[in-house]
Structure formats: structure tokens, C-alpha cells
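Working notes for the structure below.
Predicted, not measured: the structure shown is a model, and the values here were computed from it.
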Amino acid sequence: MSEFEKEVAALRPQLMKYARSQLRNEAWAEDAVSETLLAAMEKPQAYVGLSQLKTWLVGVLKHKLVDQLRRQSREATILDADDAQDIDGLLFDETGHWRHKPGEWTDQPEKLLGQQQFLAALDACVEQLPPAQGRVFMMREWLELETDQICKELAITSTNLWVLLHRARMRLRECLQENWFSSPSKQ
């Protein structure tokens with residue numbers, strides 16, 4: 001097993017935790033994570049090092065989660081061909097690389113480091129959210145699902161969704177204010 005494969009395999013528990021929080025189904029989460037790990041190990045050259053390996057794998061997993069949600073919704077309903085767009089085709093080229101690469105920040109390592117530190121603080125704050133708030137926040141902001149999709153998936157009203165999102169954002173604001181913005185090393 002190569003060093004890259006060992007690093008990828010070591011991140012499996014964190015990927016499973018994230019997938020479980022989004023899908024709330026052990027089998028679906030396992031499928032999505034397995035597909036993510038398989039994709040990474042089949043095409044290690046797709047990881048070009050512009051981000052941490054974990055960040056890259058979570059990005060791949062994000063698309064696998066959307067695919068998993070789509071597969072599950074297809075089992076319940078029949079979708080039009082227009083609704084079943086291949087998200088991988090929109091985001092990745094035929095070689096498996098991102099269609100749009102990150103911008104100028106890659107030329108400035110201090111900005112990248114600050115962004116990575118901020119994302120770590122944000123991740124820690126999201127982990128502290130109540131499960132329902134964390135799930136809707138991640139579905140809306142990370143997976144970029146539409147209101148109708150989230151409401152259908154969770155069987156909630158749009159009003160309930162917006163209340164959960166508002167509460168999640170307020171808690172995240174408080175957490176980030178306390179743990180990031182007021183930190184002496186950030187001032």
C-alpha cells in the first residue's frame with residue numbers, strides 16, 4: 001500500500017462521520033465514503049496538492065453525497081432527464097480535475113494558511129451545533145441543496161428549515177466570535 005493510500009485510508013473515520021451526519025443512514029453513508037475512497041485511490045494524480053488531503057476528499061465526498069441523495073430520491077420518484085444532471089460532469093473535466101481551479105490565493109501561502117485555520121475553527125463550531133441545525137446548515141451551505149430538496153429530504157416545512165438555519169447561523173456566529181475573531185493570534 002502506497003503512502004498516499006495509507007493517508008486516504010486514515011481519513012475514512014472522519015469521512016464516515018461527515019457522511020452519517022448528512023445522510024442519517026449507515027448504508028448510504030458507507031456507500032458514499034467507499035465511492036470517495038475508491039475514486040481517490042484509482043486516480044491519485046487527481047489530487048494535485050492545492051489543499052489538504054482531507055479538504056480534497058471532503059470535496060469529493062460532497063459530490064458523492066449529492067449523488068447518493070439523488071439515487072435515493074429516484075427510488076421514491078421518477079425524475080425527468082433534466083433533473084438527473086450529472087453533477088460530476090459539471091464540476092470535473094474528463095480527466096477528473098476540477099473545471100475551475102482556485103484563484104489567486106494559492107500564490108499567497110499566508111492567506112491559504114489563514115483560510116485553513118479559519119475552516120478548522122468553523123468545522124469545530126459546526127460540530128458543536130445540535131444535530132438538526134448542523135445537518136440543515138451543511139445541506140444548505142456545504143452541499144448547496146435548494147430549499148425544496150432539503151425540506152423534502154427531511155420532511156420539514158420551509159418555515160422550519162429557515163428557523164433551523166437562522167439558529168444555526170446565530171450559534172456559529174457566537175462560536176466563531178469567541179473562538180476565531182476574538183483570538184489574540186488573529187488580531
Side-chain angles (χ1 to χ4, degrees), residues 7-37 39-40 51-77 87-88 90-91 98 102 112-183 185-186:
E7 290 177 33
V8 168
L11 291 169
R12 186 180 188 290
Q14 294 173 1
L15 297 173
M16 277 300 298
K17 182 178 178 183
Y18 178 74
R20 276 188 211 108
S21 75
Q22 293 305 306
L23 297 174
R24 305 289 183 187
N25 181 302
E26 187 71 24
W28 297 352
E30 180 67 42
D31 288 347
V33 170
S34 295
E35 289 175 16
T36 300
L37 296 177
S51 63
Q52 293 180 352
L53 180 60
K54 178 182 173 184
T55 304
W56 179 72
L57 286 172
V58 169
V60 174
L61 177 59
K62 175 182 167 182
H63 303 296
K64 299 298 181 185
L65 293 174
V66 170
D67 291 343
Q68 188 66 260
L69 288 170
R70 284 189 176 145
R71 272 195 295 272
Q72 301 316 316
S73 68
R74 283 185 192 130
E75 289 179 6
T77 61
I87 193 148
D88 286 339
L90 295 172
L91 299 171
W98 291 98
L112 177 59
L113 178 61
Q115 181 183 22
Q116 290 171 344
Q117 290 171 340
F118 174 77
L119 291 175
L122 177 61
D123 187 45
C125 290
V126 170
E127 288 290 322
Q128 294 176 16
L129 289 174
Q133 290 177 15
R135 186 169 186 211
V136 298
F137 179 80
M138 295 302 284
M139 290 175 87
R140 180 66 178 182
E141 303 301 334
W142 186 258
L143 297 178
E144 299 175 351
L145 297 178
E146 296 295 325
T147 300
D148 295 341
Q149 290 175 290
I150 299 169
C151 291
K152 184 177 178 182
E153 175 67 26
L154 301 179
I156 61 175
T157 65
S158 60
T159 302
N160 190 7
L161 171 65
W162 292 112
V163 167
L164 288 169
L165 284 171
H166 175 73
R167 290 179 180 168
R169 289 176 179 136
M170 295 307 293
R171 284 181 181 228
L172 288 173
R173 179 180 172 197
E174 291 171 8
C175 181
L176 287 170
Q177 186 67 39
E178 182 178 313
N179 297 304
W180 176 256
F181 295 110
S182 65
S183 173
S185 64
K186 306 299 176 263

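- Separating the NZ atom in Lys64 from the CG atom in Leu37 is a distance of 10.5 Å, to the nearest 0.5 Å.
- Minimum interatomic distance between Cys125 and Leu176 (heavy atoms only, all atoms of both residues): SG-N, 3.8 Å.
- Considering all non-hydrogen atoms of both residues, Val8 and Ala40 come closest at CG1-CB, 4.3 Å.
- For the pairing with Glu141, the salt bridge (charged side-chain N to carboxylate O under 4.0 Å, His left out) check across Arg135, Lys62, Arg169 returns one residue only, Arg169.
- With rounding to the nearest 0.5 angstrom, the CG atom of Asp31 is 11.0 Å from the CG atom of Leu65.
- By the 4.5 Å heavy-atom criterion applied to side chains, Leu53 and Trp56 are counted as neighbours.
- Within the 3.5 Å criterion, the main-chain N or O of Pro130 finds no donor-acceptor partner in the side chain of Gln133.
- For the pair Thr147 and Arg140, the minimum side-chain heavy-atom distance is below 4.5 Å.
- Across all their heavy atoms, Met16 and Ala29 have their closest contact at SD-O, 3.9 Å.
- The line from CG of Leu154 to CG of Leu161 is 8.0 Å long, rounded to the nearest 0.5 Å.
- Within the 4.5 Å cutoff, the side chain of Gln22 has heavy atoms near those of the Met138 side chain.
- Annotation: the span from Trp162 atom CH2 to Ile156 atom CD1 amounts to 10.5 Å, rounded to 0.5 Å.
- Between Glu30 and Arg12 there is a salt bridge, since at least one side-chain N of the basic residue sits less than 4.0 Å from a carboxylate O of the acidic one.
- Here the closest heavy-atom approach between residue Leu61 and residue Tyr18 is recorded as CD2-CD2, 3.6 Å.
- If you take OG on Ser158 and CG on Asp148, they are separated by 8.0 Å, rounding to the nearest 0.5 Å.
- Contact detail for Val33 and Ala19: the closest heavy-atom pair is CG2-CB, 3.8 Å.
- For the atom pair Glu174 CD and Leu172 CG, the distance stands at 9.5 Å (nearest 0.5 Å).
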